[in-house]
There are 2 protein chains.
Amino acid sequence: MANQTEGGSHRAAPVHTDPEDVSLLTALSALADSVRLTLIRELAGSADWTRSCGSFDVPVGKAALSHHFSVLRGAGLVEQRDEGPKRVNRLRREEFDARFPGLLDLILRADDLD
Amino acid sequence: MANQTEGGSHRAAPVHTDPEDVSLLTALSALADSVRLTLIRELAGSADWTRSCGSFDVPVGKAALSHHFSVLRGAGLVEQRDEGPKRVNRLRREEFDARFPGLLDLILRADDLD
DNA sequence: CCGAGTGTTCGATGAGCATCGTACAGTGCG
DNA sequence: CGCACTGTACGATGCTCATCGAACACTCGG
């Protein structure tokens, strides 16, 4: 069934995955990409719901960017919400950390990527 | 015949990478594979230098197995040594943990892979 | 109601990589 | 020495995935 609650948006709601349902392999695969790593780290440096998808400084086009956010949602790392014409993001810190303790901290603490 | 000293082996020594020189992306990429994850976990359940490469229960041929160990070495996760005709392995727990604190523990503690 | 801005979807493309089979190179045992 | 065992090197193959361009959908401000 569609879970389209209140009758505000006529837009396809982003599909989220609960971190509890994410396998270790899925989580690691989602993190093993430089673009997604950058997204997560930039997101971690901003307040929740303040960054739209297009506001990130990554060297890929819109289509690829949309794909990356889809992967991040599927790994339980990012939550999205439609706000006007934009889709704003939130890093699921607590939830993801409960499933994979320390992993997110490790990613954010690292000083070099490549 | 007892153990061989420095001048004994005429065999190509395995190329190792110090965990300190491993990037986060390289580490995550190495871990984001079910076969390698299995190798690491099986290795963690055995004493150091007791497991030869062929002694692991993974559904791949010799060639692929050799490749996986090469990746694990390159990520600073595994150390290898030639012992007679076999190549025995050791999980670099302390060293890798010093570079990426908690990551290895997380991998080993996880109860499901996929 | 139109147009600018934002993001998704679709099909195609290219690169990387996991895998295999085979040939090759050491090692040690009989 | 010759042979079984172990692992690596190499070339080929097939699949996954990151990316792009273009078309489409939705929102909001004139």
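These numbers come from the heavy atoms of this one structure, side chains and all, not from hydrogens, waters or symmetry mates. Proteins get letters first, then strands, A, B, ... in listed order; numbering begins at 1 in each. The shown structure was predicted, so the numbers you read here are calculated from the model rather than taken from an experiment.
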In whole angstrom, what separates [X]'s [atom1] from [N]'s [atom2]?
X	N	atom1	atom2	value
A/L65	C/dT8	CG	P	8 Å
B/R11	D/dT6	CZ	C1'	7 Å
B/R51	D/dG7	CZ	P	11 Å
B/D82	D/dG7	CG	P	9 Å
B/E83	C/dG28	CD	P	10 Å
B/R73	D/dA9	CZ	C1'	13 Å
A/N89	C/dT6	CG	C1'	13 Å

(request) With sequence neighbours excluded, tell me which residues meet side chain to side chain contact (heavy atoms under 4.5 Å, CB included) with B/D57. (result)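 Listed in chain order: B/E42.
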(request) Report the nucleotide, chosen from C/dG7, D/dA18, C/dG5, that has the shortest atom-to-atom distance to any side-chain atom of A/P85. (result) C/dG5
(request) Check side-chain hydrogen bond (donor to acceptor under 3.5 Å, both in side chains) between A/E79 and all other residues, then give those that pass, not counting sequence neighbours. (result)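 A/E79 satisfies side-chain hydrogen bond (donor to acceptor under 3.5 Å, both in side chains) with A/R90 once adjacent residues are dropped.
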(request) List in chain and number order the residues that pass side-chain hydrogen bond (donor to acceptor under 3.5 Å, both in side chains) with B/S46, two or more places apart in sequence or in another chain; answer none if no residue qualifies. (result)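 side-chain hydrogen bond (donor to acceptor under 3.5 Å, both in side chains) list for B/S46, sorted by chain: B/R51.
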(request) Find the distance between CD1 (A/I40) and CG (A/N89) and round it off to the nearest 0.5 Å. (result)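 Nearest 0.5 Å value for the CD1-CG distance: 11.0 Å.
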Show me the protein contacts with nucleotides 19-22 of chain D, counting only N or O atoms at under 3.5 Å.
unit_1, atom_1, unit_2, atom_2, d
D/dT19, OP2, A/H68, NE2, 2.2
D/dC20, OP2, A/G61, N, 2.6

(message) Who clusters with A/V88? Use side-chain heavy atoms, under 4.5 angstrom, across I, L, V, M, F, W and Y, and order the result by chain and number.
(response) A/W49
(message) Applying a 4.0 Å non-hydrogen cut-off, can you work out what B/S52 is touching in the nucleic acid: base, sugar-phosphate, or nothing?
(response)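 Since only primed, P, OP1 and OP2 atoms lie under 4.0 Å of B/S52, the category is sugar-phosphate.
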(request) Establish, with yes or no, whether the OP1 or OP2 oxygen of C/dA18 is under 4.0 angstrom from a side-chain nitrogen or oxygen of B/R36. (result)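 Yes, within the criterion.
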(message) Under 4.0 Å from OP1 or OP2 of D/dT8: is there any side-chain N or O of B/R87 that close?
(response)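 It does, given that an N or O in the side chain of B/R87 lies less than 4.0 Å from OP1 or OP2 of D/dT8.
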Check: residues 59-72 of chain B side-chain donor-acceptor pairs under 3.5 Å, at least two apart:
unit_1, atom_1, unit_2, atom_2, d
B/H68, ND1, B/R36, NH1, 3.1

(message) Between A/L77 and A/L104, is there a side-chain heavy-atom distance shorter than 4.5 Å?
(response) yes
